[in-house]
There are 2 protein chains.
Amino acid sequence: MIDKSKARRSTRQRRLIVDAVKHSLNHPSASDIYATLADSGIGIATIYRQLSALVEDGEIGSVKYQGEVRYDPIIQPHAHIVCSKCDKIWDVELPKEIKNLAPTNGSFEKLDVDLTWKGVCSDCR
Amino acid sequence: MIDKSKARRSTRQRRLIVDAVKHSLNHPSASDIYATLADSGIGIATIYRQLSALVEDGEIGSVKYQGEVRYDPIIQPHAHIVCSKCDKIWDVELPKEIKNLAPTNGSFEKLDVDLTWKGVCSDCR
DNA sequence: GTTACTATCGATAATGAATATCATTATCTT
DNA sequence: AAGATAATGATATTCATTATCGATAGTAAC
Ligand SMILES: [Mn+2]
Ligand SMILES: [Mn+2]
Ligand SMILES: [Zn+2]
Ligand SMILES: [Zn+2]
């Protein structure tokens, strides 16, 4: 549990982890980041802790796919297209029309959208 | 791993499990079904095995939410709206316009859509 | 710069969902 | 009824993630 009321310290680990996500291309998982930063000596617990904290702080985004969390350098709302063969994830634009398609019947307010297309990419065919 | 080339046998367990999902209202998880069928003596492994088999056979649907699989009596394509407080999941219609919004740039073919709205339900406010 | 406070770290134990193993049981075909 | 084998249930195992806790290192005050 991370307490948002306390100031966040700028540690070597945190700087390296944000940087790794910000420069990532394929929506890396926690263990991807761990592998990327292998020679930094950062512990796996710190990787998980900081990734969660960074998402909570709104510095990075996250997507769930196939039972694991993948991290995203893009924080603006956008959709994804995933390949069910190689599990790669690409960013696609979120259609502006989507807002008008939000359900209105129930009494939900300020709805977030999660839109993902799934198929098989060209490399996998 | 379930082999689709072999015939599937009609067991007491399988019948009870389909039935439980078909009569369910809240997109139950495997352990929800396990709890529902507690007095049947069905083992947890069988619950998981049959739920996977039933999805594979197209007899029930499934949705992933919060790192766990939830099962769905509805097999027709539809969207969902989830409450981030109580984790309940409701069915909503999948807008027909969504097909036209599918990304065309890449060389993906026959894309499936996964559309989920997220918010806080009326009960949780 | 030194001190004091405490957030953060790293090693590792623990958790929770899901799958694998394997001897036993029950279904289906002949 | 008998034989072949799919399915079951108890339990071990895997995998991602979280919790625990003593040690370490940012940070602000002096
Ligand atoms: Mn993205
Ligand atoms: Mn549904
Ligand atoms: Zn692919
Ligand atoms: Zn709710």
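Just so you know, these numbers come straight off a predicted model, no measurement behind them. Lettering of chains follows the sequences in order, A, B, ..., and the numbering in each one begins at 1.
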(request) Quick one: which residue pairs count as a side chain to side chain donor-acceptor pair (under 3.5 Å) with a foot in residues 60-69 of chain A, not counting sequence neighbours? (result)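 Residue pairs with at least one partner in residues 60-69 of chain A: A/Tyr65-A/Asp87.
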(message) Can you classify the ring geometry of B/His27 versus B/His80 as parallel (below 30°), tilted (30 to 60°) or perpendicular (above 60°)?
(response)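 The rings of B/His27 and B/His80 stand perpendicular, inter-plane angle above 60°.
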Rounded to whole Å, how long is the line connecting atom [atom1] of [X] with atom [atom2] of [N]?
X       : N      : atom1 : atom2 : result
A/Arg49 : D/dA16 : CZ    : C1'   : 16 Å
B/Gln50 : C/dA18 : CD    : C1'   : 16 Å
A/Leu54 : C/dA7  : CG    : C1'   : 15 Å
A/Arg70 : D/dA16 : CZ    : P     : 12 Å
B/Leu51 : C/dA17 : CG    : C1'   : 13 Å
B/Tyr65 : C/dA17 : OH    : C1'   : 17 Å
B/Gln66 : D/dT18 : CD    : P     : 11 Å

Run through the side-chain heavy atoms of Ile, Leu, Val, Met, Phe, Trp and Tyr, join any pair under 4.5 Å, and report what else lands in [X]'s cluster.
X       : value
B/Val63 : none
B/Ile33 : B/Leu16, B/Ile17, B/Val18, B/Val21, B/Tyr34, B/Leu37, B/Ile42, B/Ile44, B/Ile47, B/Tyr48, B/Leu51, B/Leu54, B/Val55, B/Ile60, B/Val69, B/Tyr71
B/Ile74 : none

(request) Between C/dA18, C/dC9, C/dT12, spot the one nearest the side chain of A/Thr46, thanks. (result)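 Among the listed nucleotides, the one closest to the side chain of A/Thr46 is C/dC9.
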(message) Heavy atoms from C-beta onward define the side chain here; which of C/dC9, D/dT8, C/dT12 lies closest to that of A/Ile44?
(response)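 Shortest atom-to-atom distance from the side chain points to C/dT12.
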(request) Would you give the length of the straight line joining atom CG of B/Leu101 to atom CG of A/Leu101, rounded to the nearest 0.5 angstrom? (result)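 Result: 7.0 Å between the selected atoms.
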(message) Please enumerate all residues that pass side-chain hydrogen bond (donor to acceptor under 3.5 Å, both in side chains) together with A/Arg12, with sequence neighbours excluded.
(response)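 Not a single residue meets the side-chain hydrogen bond (donor to acceptor under 3.5 Å, both in side chains) criterion with A/Arg12.
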(request) List in numerical order all residues of residues 21-42 of chain B for which some heavy atom is under 4.0 Å away from an atom belonging to DNA chain C. (result)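 The stretch gives none, as no residue of it lies under 4.0 Å from the strand.
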(request) Five pairs at each end of the helix from C/dG1-D/dC30 to C/dT30-D/dA1: take the axis at both ends and give me the angle between them to 10°. (result)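 Here the local axes at opposite ends form an angle of 40°.
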(message) Both A/Ile47 and B/Glu68 contact DNA chain C. Which one's nearest nucleotide lies toward the 5' end?
(response)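 Mapping each residue to its closest nucleotide by heavy atoms, the 5'-most match is A/Ile47.
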(message) Once salt bridge (charged side-chain N to carboxylate O under 4.0 Å, His left out) is applied, what residue pairs with a partner in residues 20-42 of chain A remain, sequence neighbours excluded?
(response)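 Checked against salt bridge (charged side-chain N to carboxylate O under 4.0 Å, His left out) - neighbours excluded - no pair reaches residues 20-42 of chain A.
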(request) State which residues pass side chain to side chain contact (heavy atoms under 4.5 Å, CB included) with A/Ala45; sequence neighbours excluded, sorted by chain then number. (result)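 A/Arg49.
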(message) One character per nucleotide, please: for nucleotides 22-27 of chain D, 5' to 3', B when the base has a protein heavy atom closer than 4.0 Å, S when only the sugar-phosphate does, - otherwise.
(response) ---BBS
(request) Give a yes/no on whether any side-chain N or O of A/Tyr48 is located under 4.0 angstrom from OP1 or OP2 of D/dT18. (result)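 For D/dT18, OP1/OP2 do not have a side-chain N/O of A/Tyr48 under 4.0 Å.
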(request) Using ring pair (Phe, Tyr, Trp, His ring centres under 6.0 Å) as the criterion, list what pairs up with A/Phe108, not counting sequence neighbours. (result)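 A/Phe108 satisfies ring pair (Phe, Tyr, Trp, His ring centres under 6.0 Å) with B/Trp90 only.
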Output side-chain donor-acceptor pairs under 3.5 Å for residues 118-125 of chain B, partner residues at least two apart or in another chain, one line each.
from, atom 1, to, atom 2, distance (Å)
B/Ser122, OG, A/Ser107, OG, 3.3
B/Arg125, NH2, A/Ser107, O, 2.4

